[in-house]
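Residue numbers begin at 1 in each chain, while the letters A, B, ... track the order of the sequences.
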Number of protein chains: 2
Amino acid sequence: MNAPLPRLIEDVVELGDLTKSVGFMLRMTQVRAYAQFFRAFSGTDVRPGEFTVLWVLALNPGLRQGTLARTLQIKPAHMTKLVQRLAQAGYLLREVPPEDRRSVLLSLTAAGLEHVERHRAQFHDVHAPAHVGLSEGEYGQLLTLLGKLTFKDVPECP
Amino acid sequence: MNAPLPRLIEDVVELGDLTKSVGFMLRMTQVRAYAQFFRAFSGTDVRPGEFTVLWVLALNPGLRQGTLARTLQIKPAHMTKLVQRLAQAGYLLREVPPEDRRSVLLSLTAAGLEHVERHRAQFHDVHAPAHVGLSEGEYGQLLTLLGKLTFKDVPECP
DNA sequence: CGGAAAAAGTATCCGTGTAAACAATTTCCT
DNA sequence: AGGAAATTGTTTACACGGATACTTTTTCCG
């Protein structure tokens with residue numbers, strides 16, 4: 001018997017120069033990467049943003065909350081919520097240092113560290129070259145190019 | 001006098017192998033691309049999603065709403081809202097064809113077409129190679145690699 | 001010193017996008 | 001034919017993430 005063959009007939013849509021826009025292509029690929037991530041981690045409570053925060057704190061204990069936010073391109077207001085949730089879950093510790101009582105230093109608890117260790121392998125495997133349809137070489141090229149992107153603004157004045 | 005030099009002192013944060021994950025890198029770059037887009041179009045009512053929808057409809061008049069949604073990786077529930085808003089704004093027309101009265105066919109109004117024409121140039125200029133710090137060649141390479149990405153799932157069974 | 005300005009983080013409200021349940025229509029199968 | 005199943009789009013309820021305004025603390029000068 002043949003496989004189901006679902007959705008074989010899908011209309012072809014003309015996109016024009018849209019496929020030549022990095023903005024559009026980044027959006028498309030990022031959405032699909034997210035979907036792949038959630039499929040791979042379905043059944044667990046691992047979310048990309050949260051896990052990334054824990055990952056970075058594992059490498060940088062005592063990091064300031066604001067520095068973490070800027071590094072991961074997360075806005076302060078959202079970082080507050082993320083941190084509250086992860087602290088509530090028992091994965092990280094908030095500490096207000098005496099030398100600057102405005103700031104908050106973050107570090108992992110034992111549970112947080114264990115959580116990172118437990119999912120570290122799968123986290124890196126999800127988007128491995130073979131899982132995204134690239135060769136090792138292409139994968140490296142892609143990372144290099146993504147790392148080069150700057151998004152500087154070019155003012156309209158001459 | 002010297003320039004302001006703000007934010008010169010920014011802590012260095014160790015990211016480890018995070019920078020070797022396409023998922024993470026796609027997320028970082030996409031967020032920055034969005035920011036660049038909104039900066040460029042500040043003062044206008046142009047949003048990436050909406051404009052992309054109008055763009056595709058300009059190239060594919062009479063496209064079905066569902067086909068459009070699948071093409072642009074937009075979920076049906078959200079596409080409904082997008083279409084309602086754009087129809088309200090007078091940019092597109094919804095039409096229920098007699099041969100399948102479940103579906104909705106979309107096409108641009110004159111105002112919608114004019115809107116696309118008015119911002120077409122800037123839309124393509126925003127993320128032009130020079131504005132994202134890449135050479136023409138690198139830009140083409142990046143587009144090719146992004147186009148190759150597949151995000152197939154690899155089941156755990158051997 | 002002492003007040004103005006800046007910095008860090010938080011609370012509140014809003015926009016974007018999704019999942020799940022639903023209504024309407026068409027197709028499929030016997 | 002006629003009822004089950006699939007398809008299409010919408011409604012509703014909610015999660016994610018950001019903008020803005022605010023509180024607390026520190027810094028910056030006079």
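The aromatic rings of B:Phe123 and B:Phe41 sit tilted, their planes meeting at an angle between 30° and 60°.
Residues B:Pro76 and A:Pro76 each lie close to DNA chain C; by heavy-atom proximity, the contact nearer the 5' end of the strand is made by A:Pro76. Mapping A:Lys75 and B:Asp100 onto DNA chain D by nearest heavy atom places B:Asp100 at the nucleotide closer to the 5' end.
The distance from atom NE2 of A:His78 to atom P of C:dT12 is 18 Å, rounded to the nearest whole Å. B:Leu68 places its CG atom 12 Å from the P atom of D:dT10, with the value rounded to the nearest Å. A:Glu95 places its CD atom 16 Å from the C1' atom of C:dA8, with the value rounded to the nearest Å. Whole-Å rounding puts the B:Glu99 CD to D:dT7 P distance at 18 Å. Here the P atom of nucleotide C:dG9 and the CE atom of A:Met79 are 10 Å apart, to the nearest Å. For the pair A:Ile74 CD1 and C:dT10 C1', the computed distance is 16 Å after rounding to whole Å. Between B:Arg64 atom CZ and C:dT25 atom P the separation is 15 Å, expressed in whole Å. To the nearest angstrom, P of D:dG17 lies 10 Å from CE of B:Met28.
Counting any heavy atom pair closer than 4.0 Å across all strands shown, A:Ser103 reaches sugar-phosphate atoms only and no base atom. If you check every strand for non-hydrogen atoms under 4.0 Å, B:Glu50 touches nothing.
Using a 3.5 Å distance cut-off with no hydrogens or angles, the side chains of A:Gln36 and A:His131 do not pair a donor with an acceptor.
For the pair B:Gln65 and D:dT10, the criterion of a side-chain N or O lying under 4.0 Å from OP1 or OP2 is met. An OP1 or OP2 oxygen of D:dG9 is reached within less than 4.0 angstrom by no side-chain nitrogen or oxygen of B:Gln84. In this model, the phosphate group of D:dT10 is approached by a side-chain N or O of B:Arg94 to a distance below 4.0 Å at OP1 or OP2. Dashed line: the shortest gap from a side-chain N or O of A:Gln73 to OP1 or OP2 of D:dG18 is not under 4.0 Å.
When distances run from any side-chain atom of A:Val104 to the nucleotides C:dG17, C:dG9, D:dT10, the shortest one goes to C:dG9. The side chain of B:Arg101 lies closest to C:dT25 when the candidates are D:dA19, C:dT25, D:dT26. Candidate nucleotides C:dT18, D:dT20, D:dT8 were compared by shortest atom distance to the side chain of A:Ala77, and D:dT20 ranks first.
Residues A:Leu15 and B:Leu149 fall within the same hydrophobic cluster, defined by Ile, Leu, Val, Met, Phe, Trp and Tyr side chains chained together at heavy-atom separations under 4.5 Å.
B:Trp55 contributes no side-chain N or O that, together with a main-chain N or O of B:Glu50, makes up a donor-acceptor pair within less than 3.5 Å.
Applying the side-chain contact (heavy atoms from CB on, under 4.5 Å) test between B:Pro97 and each of B:Glu99, B:Arg101, B:Glu95 identifies B:Glu99 as the sole match. Under the side-chain contact (heavy atoms from CB on, under 4.5 Å) test applied with A:Leu68, the options A:Ile74, A:Leu106, A:Leu105 reduce to a single match, A:Leu106.
Not a single donor-acceptor contact under 3.5 angstrom links the side-chain atoms of B:Arg102 to the base of C:dA24. The base of D:dG18 lies close enough to the side chain of A:Lys81 for a donor and an acceptor atom to sit less than 3.5 Å apart.
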